[in-house]
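Just follow the structure's listing: the first ligand is 1, and inside any ligand the first atom is 1.
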Amino acid sequence: MKKHFAILASLSLFLFSVVSAHDGSQLWLQGLAPSAISTLEIANAELNQSWKGAAPVLKLNKSMKALPDGSFSITIQAGTPTIQSASEVGLLYGAYHLIRMQQTGANVRDTALIEQPSYNIRILNHWDNLNGTIERGYAGRSIFWRNSADQMRRNADGEVNEEDLLHPKDAPEIPSFDRLRDYARANASIGINAYVPDNVNASPKVLTAEYLQEVKKMADIMRPYGMKTYLAINFASPMVIGGLSTADPLDKNVQKWWTAKVKEIYKLIPDFGGFLVKANSEGQPGPNDFGRTHAEGANMLAKALKPFKGIVMWRAFVYSPSDPDRAKQAYLEFQPLDGQFLDNVIIQIKNGPIDFQPREAYSALFGAMPQTRQMAEWQITQEYLGHSNHIAYLAPMWTEFLQQVKDIARCPINNQLLAMSNQQSAQGSKLKAQNSKLTAISAVSNVGNSPSWCGNVMAQSNWYAFGRLAWNDELPACQIADEWARLTLFPGRNDAAATKALASVRSLMLRSREAIVDCVVPRGLHHQFAWGHHDGPEPDCDILGARPDWMPSYYARADREGLGFDRSSTGSNATGQYPADYAKVLDDPETCPYDLLLWFHHVPWGKTIQHRCGSKVIRESLWDALCHHYQQGLDEARAMQRDWERCQGLIDADTFADIQRRLRIQTRDAQWWKDGCLLYFQTFSTLPFPDDVEPAVHDLDKLRAIKLGITNYECPSQELLDSVR
Ligand code: GCV
């Protein structure tokens, strides 16, 4: 008996320690992407390969047409599921939802639910250049353009030829069919229904006949998965590829050129979605170059797209080098244009007024243009969050934003015109009917051709989280983390060891965003990143002749008195752009949320700050608080390492080792941030570190000399980081 027990025990130990290889290349999915032709066939094939139990019934139900496109219901009676929807794509979403329910341990015996999307367009923006590089991409090269090999010329030192980086090769390259189908499937599985395959810093060449043929091929692959194709366009295209002498939106020939181009596109891609435009921003051409407004530029494109039901997503990411406060720019330029945009234009606004910082105030434009459709733009790729070297789960940041916009701006961004149309007459209700259809949310993708798709497995969680929140913007970040980790890291595992490891992964994910805020930009400090590539600290960056608003000192405003940007009514008055009651809260440093203190106020080093840390209320000087936050950032990076170490043997070995290595880099980076920022700010405060803050391990002069020398298309390697500090 004893012997049997011992054999059984060692056998079960063996079974528990055998971890099926799940290296993340499959993302959160099981099996293969069905090579089916129609959406319905895909839904059936997915259920056949993944659903365990009585065969589900799929029913097209036209009476559900009143619900937003893609909505579905699932009813399970005694284990037999029925999925219903007004459209095939709704049935596909229902199939993925059902499979997810089973794989995450939900009740799949008897249940009834209806799911409908929060936004009609749920779109990924890819900043992929036609030469295959990805701006702010840290996961290899593009899956859409010239992706099969590194085709760029390099010099003897291995540096990429500048010309190859900036300009696409003449001939487009056919994208890999399988990779694109896997991409389409992954998106459909979480409800993402649209993509823009090219960079907003757009090459006019994407609109040439040759490239449009490639776009058509992509669109054909994506269509059965419910993915609509859009293009980022260059506003000067009529001049660059059309031979016109102007791109003035009021010029008849320019209008004709766009009308013809749009027709050409729809002939190839009948369900083409429309254009995404970055205009008059960071050197991109736009209507202002011809003395026209953003509304005139956007409307000209909107008119060309209208007959085909296409839309324009016009970005509000604008700022001029001369304005005293970059944070006010988008509002100043766009708010006065409220009501001037046609109804197939939607203004795409970054969540914060600066640029995807780990924490920002929400952009005051949300809710400030009641007669204009608006959509949020988030950033999945970790431009300011340690690239793919750091582990940062971003759903807590996005849910924080959604909450603020709903509560404070009182702006349901998915339903802008509802309130207005309710108050209006017959014309108002017409507006509601038309416009309530145009609701959207977007995010800048982190997908590349690296085996893990996103640079590392943990970074996939943000792609997943974006899809889930775009579908249901009420989902809690912790639920999404749990789902993603179960599906990706512990598929099919319900044993005690896996459950414990899952709890560790969840803890790591949920603390990761705040850890990075503490580590790099605590309490509303922002943009202290290195020049250009934005990896690592460079608070004292000083580039001769460069725009002041590209310099960290512009944002930190450190001096002998204190730290922070005075955006109160006695400063730049950015607070005045927010709804009056919230503006009042922000305007007073005593009531301003502690998390945003240095965003809105220049605070004296010695000023006593009262804040909460867990259940404790702490009173300390700004300087001490700052030191404690950087220390906390470092401590949290170490805690994340410990969380991960608990998963050893329970996660695919290669994935475990890869994330372990990245967390080591992250902890060393946290030390670099703490020393680099505190030693620099200390030159102004002249105050000592508090006793419970670890002394610096670096010299300020050495840190100041660090130049990583990488492009905006790269994540620094461990070797590079180790060699410079
Ligand atoms: C695509 C920031 C980034 C740029 C990006 C720009 C934008 O400035 O650093 O790489 O350009 O935002 O969103 O247009």
Side-chain angles (χ1 to χ4, degrees), residues 123-139 142 144-145 165-166 168 195-204 206 230-236 275-286 288 294 313-321 323 326-327 329-330 333-334 347-358 360 363 365 375-388 441-448 520-521 526-536 538 541 543 546-552 554-555 708 710-715:
I123 187 165
L124 284 179
N125 293 183
H126 293 266
W127 287 353
D128 292 18
N129 298 312
L130 304 188
N131 65 0
T133 54
I134 305 178
E135 184 157 348
R136 312 302 177 185
Y138 315 111
S142 172
F144 301 103
W145 315 104
L165 275 179
L166 298 177
Y195 72 108
V196 184
D198 62 322
N199 194 348
V200 288
N201 289 329
S203 166
V206 79
Y230 292 70
L231 283 177
I233 57 104
N234 183 301
F235 200 78
F275 295 143
L276 169 65
V277 193
K278 172 175 178 177
N280 294 118
S281 161
E282 299 186 330
Q284 292 301 309
N288 298 171
H294 285 284
M313 293 171 288
W314 191 270
R315 295 176 90 225
F317 179 64
V318 292
Y319 59 102
S320 77
D323 193 88
R326 171 174 169 182
Q329 291 274 297
E333 273 191 50
F334 276 82
I347 305 300
Q348 181 166 309
I349 309 167
K350 290 188 180 184
N351 54 286
I354 299 287
D355 189 17
F356 297 138
Q357 300 298 291
E360 292 198 34
S363 165
L365 259 183
M375 63 191 280
E377 177 178 342
W378 296 339
Q379 193 178 44
I380 301 174
T381 193
Q382 292 170 224
E383 175 178 354
Y384 296 103
L385 290 112
H387 300 182
S388 55
I441 192 155
S442 65
V444 182
S445 165
N446 58 353
V447 164
V520 306
V521 280
H526 46 295
H527 227 311
Q528 298 305 294
F529 302 89
W531 175 260
H533 53 77
H534 298 157
D535 192 276
E538 202 174 347
C541 167
I543 307 279
R547 290 172 65 146
D549 56 356
W550 284 357
M551 234 69 87
Y554 172 96
Y555 301 98
L708 292 179
I710 53 172
T711 63
N712 297 350
Y713 315 107
E714 286 171 86
C715 178

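Contacts between Asn712 and ligand 1, counted as non-hydrogen atom pairs separated by less than 4.0 Å, are absent for every part of the residue. Counting heavy atoms under 4.0 Å from ligand 1, residue Phe317 touches it through the side chain alone.
Closest to atom 2 (C) of ligand 1 among all protein heavy atoms lies Asp355 OD2, 2.9 Å. Nearest protein heavy-atom contact of atom 8 (O) of ligand 1 is Glu282 OE2, 2.7 Å.
Using a 4.5 Å heavy-atom cutoff, the side chains of His526 and Tyr384 are not in contact. Side-chain contact between Val318 and Phe334: present, with at least one pair of heavy atoms (C-beta onward) separated by less than 4.5 Å.
Between Lys278 and ligand 1, a contact under 3.5 Å exists for at least one N or O pair. Some N or O of Asn201 is nearer than 3.5 Å to an N or O of ligand 1, by distance alone.
Looking at Val206, Asn199, Asn201, Asp198 one by one, the single match for side chain to side chain contact (heavy atoms under 4.5 Å, CB included) with Asn129 turns out to be Asn199.
By the 30° and 60° cut-offs, the orientation of the rings of Tyr555 relative to His527 is parallel.
Near Val200, the atoms of ligand 1 lying under 4.0 angstrom from a non-hydrogen atom of the residue are 1 (C), 14 (O). Near Glu383, the atoms of ligand 1 lying under 4.0 angstrom from a non-hydrogen atom of the residue are 3 (C), 9 (O). Within ligand 1, the atoms closer than 4.0 Å to a non-hydrogen atom of Asn199 are 1 (C), numbered from 1 in the order shown. Residue His534 approaches ligand 1 through these ligand atoms, each under 4.0 Å from one of its heavy atoms: 9 (O).
At a cut-off of 3.5 Å, with distance as the only test, no side-chain donor of Glu383 or Tyr138 sits close to an acceptor on the other residue.
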Would you check, one step at a time, whether the test side chain to side chain donor-acceptor pair (under 3.5 Å) holds for Asn280 with Glu333? CA-CA 11 Å; Asn280 294 118; Glu333 273 191 50; over 6 Å; no

Apply the test side chain to side chain donor-acceptor pair (under 3.5 Å) to residues Thr711 and Glu714: give CA-CA distance (whole Å), side-chain angles for both, the deciding distance (0.1 Å), then the verdict. CA-CA 6 Å; Thr711 63; Glu714 286 171 86; 2.8 Å; yes

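Closest to atom 13 (O) of ligand 1 by heavy atom, among Gln379, Glu135, Lys350, is Lys350.
Between Pro197 and Trp145, the shortest heavy-atom distance links the atoms O-NE1, 2.9 Å.
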